[in-house]
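Just so we're clear, the structure is a prediction, and the values are computed from it rather than from any experiment.
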Amino acid sequence: MTYSIVARDAETGQYGVAVASRFFATGALVPHLRGGKCAVATQAFVSPIWGIEAADRLAAGEKSEDVVADLVARDAGQASRQIHMIDAQGHVAAHTGADCVDWCGHTAGREVSVAGNMLAGPSVISETLAAYDAHRHLPLAERLMAAMEAGAAAGGDKRGTQSAALVIHRSEDYPWLSLRADDHPDPLAELRRLYDVAHERFVYVADAMPTRANFSGTTDRRGIDAAIRAADEARKAEDRASRSFATELDT
């Protein structure tokens with residue numbers, strides 16, 4: 001009932017997961033990431049425990065293929081589950097259970113994995129991966145959205161879509177960006193809108209938040225406010241209206 005992509009950007013160290021499904025709030029259960037260390041997507045007859053444990057073990061330094069093999073060996077429900085992941089070395093591993101609903105399967109490229117079940121056909125994951133590779137020049141978040149949109153154009157979840165999510169981690173265990181459309185007629189388009197809104201204000205605040213390397217973060221708001229003003233002026237100069245539903249701010 002889901003297709004997803006997990007990836008690592010070797011140049012920035014960012015990890016990301018994007019997912020779409022004919023299932024409510026897929027973003028609440030599928031993505032599991034640890035900052036600068038791993039990304040995991042657990043789906044089909046979903047086990048959040050798989051996702052949590054896999055992310056913790058990868059973050060502790062275990063290899064992706066070892067984690068997948070152990071989860072499968074211990075779980076009596078493994079035939080109905082699907083999981084794929086990428087570890088700190090960029091190695092990918094995946095499992096698609098024999099009882100996952102057709103079409104189901106997984107594929108991988110350089111530091112990227114795509115998997116899905118209950119799909120329109122194998123072209124969903126092949127087109128998702130191809131679009132990711134074709135957009136490697138873009139920031140990771142935009143690359144993942146383009147990939148998911150290509151998968152949707154190839155048929156996506158064969159029942160349609162209800163929800164989608166996009167999560168990006170930089171060096172920290174909290175997300176740099178976490179967007180969810182939990183119940184929407186076109187959830188991937190809604191992610192695009194939310195991504196645009198995030199770049200009106202949120203990302204400049206997120207860039208200033210404390211990190212492991214900088215415990216205090218940025219404490220002077222002037223740089224943040226200047227970045228927000230510059231983004232607002234650039235948007236207006238391009239005659240682009242705000243896509244936010246928020247109330248207008250005086251400052």
Side-chain angles (χ1 to χ4, degrees), residues 3-20 26-27 30-42 51-52 54-64 67 83-94 107-115 128-151 164-181 188 191-192 194-215 217-218 224 227 231:
Y3 71 105
S4 62
I5 180 170
V6 300
R8 173 179 181 259
D9 187 318
E11 292 186 7
T12 64
Q14 295 178 5
Y15 284 80
V17 176
V19 57
T26 190
V30 171
H32 298 269
L33 298 91
R34 300 292 182 268
K37 296 177 180 178
C38 64
V40 178
T42 176
I52 294 167
D56 286 343
R57 291 172 64 175
L58 293 179
E62 292 191 51
K63 295 180 180 178
S64 55
V67 172
I83 192 168
H84 59 138
M85 61 189 71
I86 184 165
D87 62 25
Q89 288 71 46
H91 300 152
V92 168
T107 188
R110 177 168 53 90
E111 298 189 319
V112 58
S113 175
V114 183
T128 299
L129 179 60
Y132 181 87
D133 284 336
H135 292 86
R136 284 184 180 266
H137 60 289
L138 294 178
L140 181 59
E142 295 178 35
R143 208 181 312 163
L144 293 172
M145 288 190 292
M148 293 299 292
E149 289 161 355
L166 171 68
V167 185
I168 303 289
H169 279 235
R170 290 182 169 177
S171 60
E172 308 308 307
D173 287 338
Y174 66 79
W176 171 71
L177 190 65
S178 181
L179 306 177
R180 283 172 46 180
L188 290 176
L191 289 188
R192 282 282 184 185
L194 293 171
Y195 184 74
D196 287 348
V197 173
H199 282 77
E200 292 181 17
R201 177 173 292 268
F202 175 81
V203 295
Y204 309 108
V205 177
D207 285 345
M209 289 180 181
T211 65
R212 295 185 186 96
N214 180 6
F215 188 75
T218 299
I224 302 171

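Counting only heavy atoms from C-beta outward, the side chains of Val112 and Ile86 never approach each other to under 4.5 Å. Between Arg34 and Leu58, the closest side-chain pair of non-hydrogen atoms is not below 4.5 Å. Residues Tyr15 and Val167 fail the side-chain proximity criterion, which asks for heavy atoms closer than 4.5 Å. Residues Asp173 and Arg212 have side chains in contact (heavy-atom distance under 4.5 Å, counting atoms from C-beta outward).
Closest heavy-atom contact between Thr128 and Gly151: OG1-CA, 3.2 Å. Across all non-hydrogen atoms, the minimal contact from Ala198 to Leu177 is CB-CD1, 3.9 Å. The two residues Ala54 and Met85 make their nearest non-hydrogen contact at CB-CE, 3.8 Å. Taking all atoms of both residues into account, the shortest heavy-atom contact from Arg143 to Tyr132 is NH1-OH, 3.1 Å. Here the shortest heavy-atom pairing between Gly51 and Val40 reads CA-CG1, 4.1 Å. In terms of heavy atoms, Arg192 sits closest to Met145 at NH1-CE, 3.7 Å.
A distance of 8.0 Å separates CG of Leu140 from CG of Leu166, quoted to the nearest 0.5 Å. With values rounded to the nearest 0.5 angstrom, Met148 atom CE is found 4.0 Å from Tyr3 atom OH. Atom CD1 of Ile5 is separated from atom OG of Ser113 by 8.0 Å, given to the nearest 0.5 angstrom. The distance from the NZ atom of Lys37 to the CD atom of Glu172 is 10.0 Å, given to the nearest 0.5 Å. Within the model, atoms NE2 of His169 and OG of Ser178 stand 7.0 Å from one another, a figure rounded to the nearest 0.5 Å. The NE2 atom of His84 sits 3.0 Å away from the OG atom of Ser4 when rounded to the nearest 0.5 Å.
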side-chain contact (heavy atoms from CB on, under 4.5 Å) between Val92 and Ser64, intermediate numbers included: CA-CA 6 Å; Val92 168; Ser64 55; 5.7 Å; no

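Considering Thr12, Asp9, Asp207 as possible partners of Arg170, the one that fulfils the side-chain hydrogen bond (donor to acceptor under 3.5 Å, both in side chains) test is Asp207.
Atom CZ of Arg110 sits in a sparse spot, with 12 or fewer heavy atoms from other residues, nucleotides or ligands closer than 6.0 Å.
Using a 4.0 Å cut-off between a side-chain N of Lys or Arg and a carboxylate O of Asp or Glu, Lys63 and Asp87 do not qualify as a salt bridge.
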